[in-house]
Amino acid sequence: MRHLMAALYKEALLQWRGRAQLIAVLVFGATALLLFSFAVGPNSELLRPIAPGFLWLALLLSSTLTLAESYQAEMEHKALEGQLLLPASHGALYLGKALANWLQLVVLGTALIPIMVVLYDAALPRPLALIGVIALGSAGLSAPGTLYAAMTHQARSRQTLLPLLLFPLVVPVLIAAVKATSLLMLGDPMGQVRAWVVLLIGFDAIHWSLCGLLFGRVVED
Amino acid sequence: MDAHQKAGFLDEGKSGRGFVFVGIGVTLLLVGSYIGLFKAPAETFMGEVYRILYVHVPTAWNTMLVFTWAFACALTFLIKGSWKWDSRHEAAVEVGVVLAGLVCIQGSIWAKPTWGVWWDWDPRLTTTAVMFFGFAGILALRKFVDDPHKRAVWSAVATIITYVDVPIVYFSVRWWNSLHQIQSSPNTVSAPFLIPLRTNAFGVLFLWIGLTMLRSRVAAMRLKSELAPPLPEPAAAPASYAPEAAR
């Protein structure tokens with residue numbers, strides 16, 4: 001636990017010092033939201049029902065940037081190898097990184113909500129529940145994303161490889177998160193949100209445990 | 001036992017068995033397709049169009065099987081660390097991606113006249129597409145990593161995660177309305193339809209077993225050349241051949 005907190009502190013400190021990067025990714029996400037609306041046209045009647053899908057697509061595209069970036073600092077002076085020599089479990093290192101990535105994505109997703117509301121004229125009846133869904137969905141992105149970024153940052157054409165591996169894998173997260181978000185924003189007469197949230201929790205549980213188990217094998221030399 | 005076998009390499013000496021399996025598979029597929037195309041009666045509702053199911057359904061069954069085999073190979077490699085399982089894993093993923101691509105193409109050809117669209121976002125189709133892209137990504141990963149050991153471990157990890165993901169996608173989209181029919185069983189399929197279906201199912205089975213055997217042999221040979229120790233330095237050249245600068 002102490003190791004986990006130390007790893008998390010290190011990641012959070014790194015992110016705080018490189019906060020310009022988070023702002024740049026946020027601007028990227030906002031630009032993506034703006035561009036998506038051009039694909040549909042200026043009709044807010046059309047835009048409103050698909051706003052949740054666009055929000056998640058923007059977050060998914062931004063996540064590949066933050067995930068890839070999270071290993072950038074480890075590349076310099078073989079920092080990752082230094083960490084692996086520490087008497088800490090690989091699981092703690094993985095969880096620290098994945099939790100830091102998760103926090104970053106939650107901040108990003110929450111910051112994208114007002115932009116979506118303004119651009120797509122979307123209603124926001126339950127903002128806190130929406131942030132909860134963003135937290136669960138981001139957890140589903142950051143767990144496999146952190147593991148795959150650990151592989152791809154050492155490979156050739158890593159910019160192509162990470163989305164190529166990650167996107168098919170997170171299809172269930174995307175389906176469940178978009179469904180839950182639209183039900184929260186457009187009304188839920190049948191009370192279906194709970195089923196999609198349960199699916200998100202299930203996916204998170206499977207992937208956080210599985211990726212935590214396999215991370216040791218990925219970083220070992 | 002030579003040094004290669006000790007290191008867990010695939011014994012890539014024989015390719016005869018692979019060709020035998022491919023031969024049996026092709027023969028069964030020819031017989032099954034002949035019965036399916038010319039002997040089996042037309043279906044009541046779909047007419048002649050349904051005959052593509054004699055290759056589509058067997059391919060779909062075997063796609064699941066070959067990915068299950070890939071998962072088993074990946075898991076065994078991570079546990080045992082033996083190189084032959086990496087070769088088998090590489091072969092299984094590659095053959096599986098080809099089969100999954102074929103399933104999508106055959107399904108689209110069938111769906112256009114029957115459903116009126118090439119593609120529909122139904123659970124079965126979505127799962128197959130996710131499987132295809134997921135495992136195609138693993139093939140790309142293998143291509144972009146040069147270190148054989150890292151390549152083997154990473155692709156095995158990716159296969160395990162992708163394979164676990166497929167059932168989740170399947171269940172997650174089950175709550176949507178499905179256009180694709182549920183599984184048929186011998187009770188719901190009459191005998192004249194069943195014979196070509198089963199023949200082709202075994203045909204595709206033998207074909208992929210043969211193809212993975214041949215492909216893992218190729219993978220093993222490549223791996224051996226990658227892991228081979230570098231050639232020794234050439235012996236010192238005779239004085240008369242020494243370059244000008246050395247004199």
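Only heavy atoms go into these numbers, but all of them, side chains included; no hydrogens, no water, no symmetry mates. Chain A is the first sequence line, chain B the second, and so forth, proteins listed ahead of strands; every chain is numbered from 1.
Using modelled atom types and a 3.5 Å distance limit, the side chains of B:Arg142 and B:Ser155 yield a donor-acceptor pair. No hydrogens or angles considered: nothing links the side chains of A:Thr146 and A:Tyr71 as a donor-acceptor pair under 3.5 Å. Remark: the A:Ser89 side chain and the A:His3 side chain contain no N/O donor-acceptor pair separated by less than 3.5 Å.
Comparing A:Leu166, A:Val173, A:Leu161 by heavy-atom pairs within less than 4.5 Å of chain B, the highest count is held by A:Leu161. Ranked by non-hydrogen atom pairs under 4.5 Å with chain A, the options B:Ile161, B:Val164, B:Ile160 are led by B:Ile161. Listed options A:Leu169, A:Leu210, A:Leu214, A:Val170 were ranked by heavy-atom pairs under 4.5 angstrom with chain B; first place goes to A:Leu169.
You'll find the side chain of B:Phe77 stays beyond 4.5 Å of the side chain of B:Ser82, heavy atoms only.
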Can you give the donor-acceptor pairs under 3.5 Å from side chains of residues 53-63 of chain A to other protein atoms, not counting sequence neighbours?
unit_1	atom_1	unit_2	atom_2	d
A:Trp56	NE1	A:Thr181	OG1	2.8
A:Ser62	OG	A:Ala58	O	2.6
A:Ser63	OG	A:Leu60	O	2.6

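With a 4.5 angstrom heavy-atom cutoff, B:Val130 touches chain A via backbone and side-chain atoms both. Looking at A:Phe167, neither its backbone nor its side chain comes within 4.5 Å of chain B, counting heavy atoms on both sides.
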